[in-house]
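To start, the structure itself, in structure tokens.
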Amino acid sequence: MSAEGLHTQHGPPARQLPDQLGAVGPGWRPLLLQLHEQLLVLDPGYQLDDLKEKLGAVRIRITSTTAPAPAEMRALVTAAEEQSATVCEFCGAPGRRRTRKDVTESWIKAACDDCHRAWSHHTIAIINGSVRRRETGQRKLPRRR
């Protein structure tokens, strides 16, 4: 295994970034689609192993089918992960890592001021890659069917 999260493997890809965009909030989609285009230039057969939100940033693990590209690919992935912490996961506006209600020992999300306020009051959440809103008086956020 080369750099953390980047493996070299031969064979067809099982999936790529556009196939798994529902794993994170819609605000990060433009960033991830841009990364996908950059990765295709280096390795059209790259494979996405893992895509998730963790501690207010996106985490991406990929496998390369070409041995010379891993360092360049890892640099692109790292840059996208770092940039995600400055983009609201809910809406895509400039944001920052914040905890719910700005208290310590709480869940961390990258959020703009407006989305942070709504998230802190439990009126929005990301469910299956979509922002769900809770209406006034509604006890729980609606589930995707």
Side-chain angles (χ1 to χ4, degrees), residues 1-134 140-145:
M1 184 161 95
S2 54
E4 178 187 307
L6 185 65
H7 311 276
T8 301
Q9 170 185 322
H10 299 284
R15 59 186 181 184
Q16 293 184 332
L17 279 166
D19 303 319
Q20 295 297 311
L21 292 176
V24 296
W28 288 343
R29 286 188 187 133
L31 174 68
L32 294 173
L33 290 174
Q34 178 184 3
L35 174 61
H36 170 67
E37 293 300 321
Q38 293 169 327
L39 292 173
L40 288 177
V41 170
L42 297 173
D43 182 0
Y46 84 89
Q47 179 179 331
L48 178 68
D49 297 321
D50 192 25
L51 175 68
K52 63 185 173 186
E53 179 275 333
K54 186 171 183 179
L55 300 174
V58 70
R59 294 293 184 262
I60 304 161
R61 299 294 171 251
I62 60 173
T63 300
S64 175
T65 60
T66 61
E72 295 171 81
M73 293 175 72
R74 185 71 219 147
L76 291 171
V77 168
T78 298
E81 289 175 337
E82 290 171 358
Q83 186 179 354
S84 71
T86 67
V87 175
C88 179
E89 187 182 1
F90 295 93
C91 72
R96 61 185 173 95
R97 286 181 174 163
R98 301 178 75 168
T99 59
R100 188 168 262 155
K101 296 186 180 179
D102 286 327
V103 297
T104 58
E105 307 286 329
S106 182
W107 196 268
I108 301 170
K109 284 269 189 210
C112 66
D113 289 342
D114 289 339
C115 291
H116 176 258
R117 192 175 307 105
W119 176 63
S120 289
H121 290 97
H122 300 271
T123 58
I124 63 171
I126 296 171
I127 301 172
N128 296 324
S130 297
V131 176
R132 301 286 184 218
R133 299 188 182 281
R134 181 171 53 123
K140 291 185 177 182
L141 286 162
R143 291 188 178 215
R144 184 176 179 185
R145 293 180 191 248

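These numbers were taken from a predicted model, which means no experiment stands behind them.
For Arg117, the salt bridge (charged side-chain N to carboxylate O under 4.0 Å, His left out) partners are Asp114, not counting sequence neighbours. His116 pairs by the ring-ring contact (aromatic ring centres under 6.0 Å, His included) definition with nothing, not counting sequence neighbours. Checked against side chain to side chain contact (heavy atoms under 4.5 Å, CB included), Ala23 has the following partners two or more places apart in sequence or in another chain: Leu51. Here Lys101 pairs with nothing under the salt bridge (charged side-chain N to carboxylate O under 4.0 Å, His left out) rule; sequence neighbours left out. Partners of Ala79 by side chain to side chain contact (heavy atoms under 4.5 Å, CB included), not counting sequence neighbours: none found.
Between Leu32 and Leu17, the closest heavy-atom pair is O-CD1, 3.6 Å. Looking at every heavy atom in both residues, Trp119 comes nearest to Ile124 through N-CG1, 3.6 Å. Taking each heavy atom of Ala80 and Leu31 in turn, the nearest pair found is O-CD2, 3.5 Å. Here the closest non-hydrogen pair linking Ala57 and Arg97 is CB-NH2, 3.1 Å. Of all heavy-atom pairs spanning Ala110 and Phe90, the tightest one is O-CD1, 4.4 Å. Closest non-hydrogen pair, Ala93 versus Cys112, comes out as CB-CB, 4.2 Å.
With rounding to the nearest 0.5 Å, the separation of CD in Glu53 from CH2 in Trp107 is 6.5 Å. From Leu48, atom CG reaches atom CG of Asp50 across 7.0 Å, with rounding to the nearest 0.5 Å. The distance from the CD1 atom of Ile126 to the CH2 atom of Trp28 is 7.0 Å, given to the nearest 0.5 Å. Here the straight-line distance linking atom OG of Ser64 with atom CG of Leu42 works out to 8.5 Å at 0.5 Å rounding. Rounding to the nearest 0.5 angstrom, the gap separating the CD atom in Glu72 from the CG atom in Asp43 is 11.0 Å. Going from atom NE2 of His121 over to atom CZ of Arg100 covers 11.0 Å, rounded to the nearest 0.5 Å.
Sorted by first then second residue, the side-chain hydrogen bond (donor to acceptor under 3.5 Å, both in side chains) pairs that include residues 79-89, not counting sequence neighbours, are Arg61-Glu81, Arg74-Glu81, Glu89-Lys109.
Side-chain contact between Leu39 and Ile62 is present, with heavy atoms from C-beta onward closer than 4.5 Å. Side-chain contact between Thr99 and Thr104 is absent, with no heavy-atom pair separated by less than 4.5 Å. Using a 4.5 Å cut-off on side-chain heavy atoms (C-beta onward), Leu40 and Gln16 make contact.
Panel note: side chain Arg15, backbone Asp49; a donor-acceptor pair is recorded below 3.5 Å.
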